[in-house]
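To start, the structure under review is shown below, and the notes come after it.
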Amino acid sequence: MPVHFHNVAGAKRLNLGSEPGASDMKTLAMGSANSFALSSQIFANLLLGGVLERFPKLTFVGAESGIGWVPYVLEACDYEWERNELYKNGLKRKPSDVFRQQCYVDFWYEQAGIKLRDYIGVDRILWETDFPHPTSIWPAADKWLKWSFDGVPEEEQHKILVENPKRVYKL
Amino acid sequence: MALRFGVISVDDHVVEVPDLWVQGMSQAKWGDLIPHVAVQADGKQRWVIEGQVRTTSSLAPTGALSKDRGTEPQVWSQVPQSVYDPHARLAAMDADGIDYSVLYPSAAGISGEAICAIKALDLQVECARVYNDWIIDVWTAASSRFVPQAILPAGSVEAAAGEAKRAVARGHRGLIMPAQPSQINPAAPHLYKPDWDPLWAAIQELDVPICFHAGSAPSVMFEISPAYDPAGARAFDNVRQSAGSAALINGMVLSGILYRFPKLQPVFPGSAIDYVPFALEALDHQWERQHLVENEGFTQRPSDIFHRQCYVTTWRERVGLRSRNYVGIDRILWESEFPRSASTYPDSTRMIESNFAELPVADRELILWRNAARLYKLSI
């Protein structure tokens with residue numbers, strides 16, 4: 001069974017926060033845009049902390065994670081893994097390889113992240129609408145999909161929209 | 001000065017000499033409150049600031065200079081010369097292929113936070129001045145390859161603005177403050193409150209960048225789990241710091257500061273660039289979805305504000321550079337982060353060759369030195 005971390009429940013304390021007296025609207029926008037700073041630390045902890053090494057068949061899914069920050073986590077963790085020789089301390093696999101074997105992330109409105117899908121791993125990406133939250137692409141999901149998938153071959157679209165979730169949830 | 005290597009590092013750290021503040025301040029007036037180095041019960045030396053021992057894991061963060069990138073000096077006799085002596089530093093820069101180095105502190109904190117935390121405001125201001133004068137009198141005097149930046153006494157808006165003006169008049173080319181001063185010193189207002197507007201106005205007038213070093217906003221970083229061994233803890237720490245910058249970039253835009261001060265130039269050293277396209281897409285998405293034009297008066301798209309005013313830095317990224325046009329090719333600076341453990345030292349040349357292999361020369365030059373030369377007004 002996959003384990004899900006829904007953004008950013010359980011880590012709400014970690015926020016720069018809007019200024020005292022800021023409008024709810026501003027606070028909401030700031031919180032939503034901040035949340036990936038937390039996702040990236042959650043996944044960095046999974047990759048460097050050793051849990052995926054100890055449980056090589058465990059799968060983690062970042063729900064409402066976004067995907068554009070993933071290259072950051074993979075490049076930064078690989079760099080630190082190599083520079084600090086963590087392979088000598090029990091982390092045998094490169095963090096980016098571990099991610100591509102055991103983690104999933106999802107998106108709903110991005111384009112820049114989709115352009116780096118080969119690096120993230122096309123097999124690792126899921127799609128969501130986040131209905132009925134304020135950030136949701138409802139009721140224009142088709143428009144946003146078109147935007148995100150601009151230039152993406154149909155075969156890869158099919159993987160992201162159908163084959164990947166089918167595999168994760170054994171549909 | 002002609003460039004030898006074509007590389008400007010916009011984020012390196014000096015290490016303050018132990019008698020810096022003791023020499024520069026009145027013993028009669030301040031006594032033991034002056035920042036100084038003292039031997040602790042376990043034989044290790046630590047900085048003591050306003051009577052408080054700093055709980056750092058070493059006397060000076062110089063991991064890049066040790067073989068395992070982790071063993072750091074516990075007493076001053078172990079501190080490598082190249083971190084505190086400008087002439088030895090120039091030799092290290094030559095060996096690593098760096099033309100210019102933009103300077104940040106260490107004992108004063110990566111963003112000056114150890115000084116900002118001083119409760120007595122007059123002591124805080126004087127400590128900032130002594131550091132800032134040392135950078136000009138010792139480092140810039142030794143070589144124009146050092147780009148001097150001043151720390152601000154950010155416990156007070158007025159004091160910070162005063163020191164910014166004084167420091168720039170003395171030759172400083174950039175200003176440094178913690179990303180969230182109110183978390184460092186309860187006397188400071190929240191960074192996003194309009195109380196700071198006099199400082200932003202002063203800095204905009206001075207026409208120098210304001211720099212918020214990664215890792216200087218404690219509340220946005222996960223705690224380091226005690227389950228990590230020292231090498232793992234170091235690795236996670238270096239990853240989490242950059243992630244925190246993402247929150248600050250959002251905040252600087254959505255607080256309205258950059259809308260009100262269109263010529264303010266914030267730099268986010270240690271930020272990394274991989275996640276910036278996502279940060280900008282997230283900002284634009286919320287701006288559009290929440291109708292922030294009507295609801296908050298934010299008439300311009302957040303990514304346009306970023307592209308007009310902000311600077312981010314890269315050092316360990318290759319894939320991130322593929323997204324350089326989303327980030328903005330004129331918004332990216334390169335850094336080495338010498339002598340901290342995350343630094344590219346002593347492999348800067350090899351890493352640049354590897355990370356920039358696919359970039360056209362024009363893009364490469366912008367990121368490696370042209371953007372920095374423009375921002376810091378270097379005559380090259």
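In the text below, chain A, chain B and the rest are named by the order of the sequence lines, each starting its count at 1. Heavy-atom basis, side chains included; hydrogens, waters and symmetry copies ignored.
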**Message:** Is A:Thr135 close to chain B through its backbone or its side chain, or both, or neither, when contacts mean heavy atoms under 4.5 Å?
**Reply:** both
**Prompt:** Can the ring centres of A:Tyr104 and A:Phe60 be said to be less than 6.0 Å apart?
**Reply:** no
**Item:** Segment of A:Pro134 engaging chain B (4.5 angstrom heavy-atom cut-off)
**Value:** backbone
**Request:** List the atom of A:Lys115, the atom of B:Tyr326, and the distance in Å for their closest heavy-atom pair.
**Result:** CE-OH, 3.3 Å
**Request:** Check whether any side-chain heavy atom of A:Ser18 sits under 4.5 Å from a side-chain heavy atom of B:Leu254, and report yes or no.
**Result:** no
**Asked** What part of B:Arg289 lies closer than 4.5 angstrom to a heavy atom of chain A: side chain, backbone, both or neither?
**Response** side chain
**Structural part of B:Ser182 lying under 4.5 Å from a heavy atom of chain A** = neither
**Complete:** The single option from A:Leu145, A:Val122, A:Ile67 that satisfies side chain to side chain contact (heavy atoms under 4.5 Å, CB included) with A:Ile160 is A:Val122
**Prompt:** When only pairs under 4.5 Å are counted, which of A:Asn89, A:Asn45, A:Leu116 shares the most heavy-atom pairs with chain B?
**Reply:** A:Asn45
**Prompt:** Which bit of A:Ala22 is near chain B, if near means a heavy-atom gap under 4.5 Å: side chain, backbone, both or neither?
**Reply:** neither
**Message:** Tell me whether A:Glu75 contacts the main-chain N or O of B:Gly320 through its side chain, where contact means a donor paired with an acceptor under 3.5 Å.
**Reply:** yes
**Message:** Please classify the contact between B:Ala233 and chain A as side chain, backbone, both or neither, with a heavy-atom cut-off of under 4.5 Å.
**Reply:** neither
**Asked** Which bit of B:Phe236 is near chain A, if near means a heavy-atom gap under 4.5 Å: side chain, backbone, both or neither?
**Response** both
**Request:** Please look at A:Glu85 and chain B and tell me whether the side chain, the backbone, both or neither of the residue comes under 4.5 angstrom of a heavy atom of that chain.
**Result:** neither
**Complete:** Under 4.5 Å to a heavy atom of chain B? For A:Leu48 that would be both
**Asked** Given the rule in the side chain to side chain donor-acceptor pair (under 3.5 Å) test, do B:Ser66 and B:Glu72 qualify, once you have shown the distances and angles that lead to the verdict?
**Response** CA-CA 7 Å; B:Ser66 68; B:Glu72 296 186 323; over 6 Å; no
**Asked** Looking only at atom types and distance, does a side-chain atom of B:Asp68 sit under 3.5 Å from a main-chain N or O of B:Gly70, one as donor and one as acceptor?
**Response** yes
**Request:** Determine the option with the most heavy-atom pairs under 4.5 angstrom with chain A, choosing from B:Gln290, B:Gln286, B:Lys193.
**Result:** B:Gln290
**Request:** Under 4.5 Å heavy-atom distance to chain A, tell me which part of B:Glu296 shows up: side chain, backbone, both or neither.
**Result:** side chain
**Prompt:** Taking B:Asp12 for the side chain and B:Phe338 for the main chain, is one N or O donor matched with an acceptor at less than 3.5 Å?
**Reply:** yes
**Prompt:** Which region of A:Ser39, side chain (C-beta onward) or backbone (N, CA, C, O), has a non-hydrogen atom less than 4.5 Å from a non-hydrogen atom of chain B, or is it both or neither?
**Reply:** neither
**Message:** Whether the B:Ser242 and B:Arg316 side chains hold a donor-acceptor pair (N or O, under 3.5 Å, no angle test) is what I'd like checked.
**Reply:** yes
**Asked** Among A:Gly49, A:Ala112, A:Gly113, A:Ala76, which has the most heavy-atom pairs under 4.5 Å with chain B?
**Response** A:Ala112
**Message:** If I measure from the heavy atoms of chain A, does B:Arg240 come under 4.5 Å with its side chain, its backbone, both, or neither?
**Reply:** both
**Asked** Do side-chain atoms of A:Gln41 reach the backbone of A:Ala37 as a donor and acceptor pair under 3.5 angstrom?
**Response** yes
**Request:** Below 4.5 Å from any heavy atom of chain A, which atoms of B:Leu191 appear? Answer side chain, backbone, both or neither.
**Result:** neither
**Asked** Contact part of B:Thr314 toward chain A, heavy-atom cut-off under 4.5 Å: side chain, backbone, both or neither?
**Response** neither
**Salt-bridge contact A:Lys26-A:Glu19 (side-chain N to carboxylate O under 4.0 Å)** = yes
**Asked** In terms of heavy-atom proximity below 4.5 Å to chain A, should B:Ala231 be classed as side chain, backbone, both, or neither?
**Response** both
**chain B interface, residue from A:Ser40, A:Gly21, A:Gly68 that has the most non-hydrogen pairs under 4.5 Å** = A:Gly68
**Request:** Answer with yes or no after comparing the ring centroid distance for B:His285 and A:Trp144 against a 6.0 Å cut-off, counting only values under it.
**Result:** yes
**Prompt:** Tell me, side chain or backbone of A:Leu28 under 4.5 Å from chain B's heavy atoms, or both, or neither?
**Reply:** both
**Request:** Return the option, out of A:Pro71, A:Cys77, A:Gly50, A:Gly90, with the maximum number of heavy-atom pairs under 4.5 Å with chain B.
**Result:** A:Pro71
**Item:** A:Trp69 ring center within less than 6.0 Å of A:Phe43 ring center
**Value:** yes
**Prompt:** Which atoms of B:Glu281 come close to chain A, meaning under 4.5 Å heavy atom to heavy atom: side chain ones, backbone ones, both, or neither?
**Reply:** both
**Message:** Would A:Arg100 pass as a cation-pi partner of A:Tyr119, given that its NZ or CZ must be under 6.0 Å from the six-membered ring centre and within 45 degrees of the axis?
**Reply:** yes
**Asked** Given a strict heavy-atom distance threshold of 4.5 Å, which part of B:Asn238 is in contact with chain A: side chain, backbone, both, or neither?
**Response** both
**Request:** Heavy-atom distances under 4.5 Å only: say whether A:Ile137 touches chain B with side chain, backbone, both or neither.
**Result:** both
**Item:** Test of ring centre spacing under 6.0 Å for B:Phe298 and B:Trp287
**Value:** no
**Which atoms of A:Asp118 approach chain B - backbone, side chain, both or neither, heavy atom under 4.5 Å** = side chain
